[in-house]
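We name chains A, B, ... by the order of the sequence lines, and we start the count at 1 in each one.
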2 protein chains.
Amino acid sequence: MASLGELERAVMDLLWAGREAATANTLRDLLAQSTVAQGGAAGHVGKDLAVTTVLTVLSRLEKKGLVERERGMRPHRYQAVSSREDHTAELMHEVLGSAPDREAVLARFIGSVTESEAETLRKLLGHS
Amino acid sequence: MASLGELERAVMDLLWAGREAATANTLRDLLAQSTVAQGGAAGHVGKDLAVTTVLTVLSRLEKKGLVERERGMRPHRYQAVSSREDHTAELMHEVLGSAPDREAVLARFIGSVTESEAETLRKLLGHS
DNA sequence: GTTGCTGTTCTACGCGACGTAGAAAACAGC
DNA sequence: GCTGTTTTCTACGTCGCGTAGAACAGCAAC
């Protein structure tokens, strides 16, 4: 119950971006951002989607527990439940979790990580 | 292009099991194992599937590059391309790869790993 | 309070993935 | 050549996702 479609991911990208700026996104905001992004480079939502399309996606994301919607305000506010980093890390744990031999997997995983990342990991695991 | 369905996963489990035993699996073998597993505990393939069902799944797994089929022998031999551990590790990299801030994700990830696993990681990263 | 705009819900269609399998073709042994 | 086994081809139902229309609800101006 984890994988996202292309559009779902694009919308999440917008929400994640807003999250860092502590922005309370309304539907209109998202639409504006998405059409801006059309000319720009990042979230390639573009394509001038129908309003309802985005809403449907938002609902589905809400059902998946990735998006929270404040129903109090009249134009509802949408926001990502967790940061992109947290979400990705959680996904990694999900993938890892299904393995019977977690340590062996970790060994392989570490094997193909860039040196600078390995360095980061050493620091994080540090003191011991 | 990575996620597996339930049955696909079950079949991969059988192939992965056979892989450790360096077994060359034929369709019949797999079917036998799967029905045995029905009574047992592990790979809950069970349900007495039609032969063609398993073959279809094998074909799809082959198309996905997870299974290799030796067409030389008359009853074809099927085997997992990579070990379960390698596959899982690769999946983790896939998940991680799509993140703009990989190191932040790794930080979160490391944050929720068991102590014994952390220890393993320290060893693996060792020789700073 | 009726008109009109904006935001929200409901419902639905098309497509592709997956579980499932029958029909038919290719083979191997007798 | 006939028979049993294996493989291919084709297909159907379901579900997730991209997509959106139709209808409804709230609000603001008149």
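- Phosphate proximity of D:dT8 to B:Arg69: present, with a side-chain N or O under 4.0 Å from OP1 or OP2.
- With salt bridges taken as basic N to acidic carboxylate O contacts below 4.0 Å, none links B:Arg60 and B:Glu8.
- Here the C1' atom of nucleotide D:dT7 and the CG atom of B:Asp29 are 16 Å apart, to the nearest Å.
- When the P atom of D:dT19 is taken as reference, atom CG of A:Leu31 falls 13 Å away, rounded to whole Å.
- The residues B:Arg122 and B:Glu119 are annotated as salt-bridged, a charged nitrogen and a carboxylate oxygen being separated by less than 4.0 angstrom.
- When each of D:dA20, D:dC17, C:dG19 is scored by its nearest atom to the side-chain atoms of B:Glu8, the top-ranked nucleotide is C:dG19.
- D:dA25 atom C1' lies 17 Å from atom CE of A:Met73, rounded to whole Å.
- Checked for salt-bridge contact, B:Glu62 and B:Arg71 meet the test: a charged N lies under 4.0 Å from a carboxylate O.
- Taking atom CG of residue B:Leu30 and atom P of nucleotide D:dT6, one finds them 12 Å apart after rounding to whole Å.
- Judged by distance alone, with hydrogens and angles left aside, the side-chain atoms of B:Arg84 form no donor-acceptor pair with the main-chain N or O of B:Leu15 at under 3.5 Å.
- For A:Thr56 against D:dA20, a side-chain-to-base donor-acceptor contact under 3.5 Å is present.
- Within the 4.0 angstrom heavy-atom criterion, only backbone atoms of the sugar-phosphate kind lie near B:Lys64; the bases stay farther away.
- For the OP1/OP2 pair of D:dT6 and a distance below 4.0 Å, the side-chain nitrogens and oxygens of B:Arg28 include at least one atom meeting the criterion.
- Which of D:dG26, C:dT20, D:dC17 sits closest to the side chain of B:Val57 comes down to C:dT20.
- In terms of position along DNA chain C, the nucleotide closest to B:Leu4 lies nearer the 5' end than the nucleotide closest to the other residue of the pair B:Thr53 and B:Leu4.
- When the side-chain nitrogen and oxygen atoms of B:Thr52 are compared with OP1 and OP2 of C:dG22, none of them lie within a distance under 4.0 Å.
- Taking side-chain N and O atoms only, A:Tyr78 has a distance below 4.0 Å to OP1 or OP2 of C:dT8.
- A:Arg74 has no side-chain polar atom (N or O) that falls below the 4.0 Å cut-off from OP1 or OP2 of C:dC5.
- In this structure, the CG atom of B:Leu58 is 15 Å from the P atom of D:dC9, given to the nearest Å.
- The environment of A:Glu90 atom CD is sparse: at most 12 non-hydrogen atoms of other residues, nucleotides or ligands sit within 6.0 angstrom.
- Within 4.0 Å (heavy atoms only), A:Ser59 reaches no atom of the nucleic acid at all.
- Distance CG (A:Leu55) to C1' (C:dC10): 12 Å, rounded to an integer number of Å.
- Here the C1' atom of nucleotide C:dC5 and the CG atom of A:Leu27 are 14 Å apart, to the nearest Å.
- Distance from the side chain of A:Arg60 is smallest for C:dA12 among the nucleotides C:dT8, D:dA20, C:dA12.
- Between A:Val54 and the choices A:Leu14, A:Leu31, A:Leu7, the side-chain contact (heavy atoms from CB on, under 4.5 Å) rule is met once, by A:Leu31.
- Look at B:Arg71 and you'll find a side-chain N or O under 4.0 angstrom from OP1 or OP2 of D:dT8.
- Rounding to whole angstrom units, NZ of residue A:Lys63 and C1' of D:dG16 are separated by 11 Å.
- Taking only side-chain nitrogens and oxygens, A:His76 never comes nearer than 4.0 Å to OP1 or OP2 of C:dG7.
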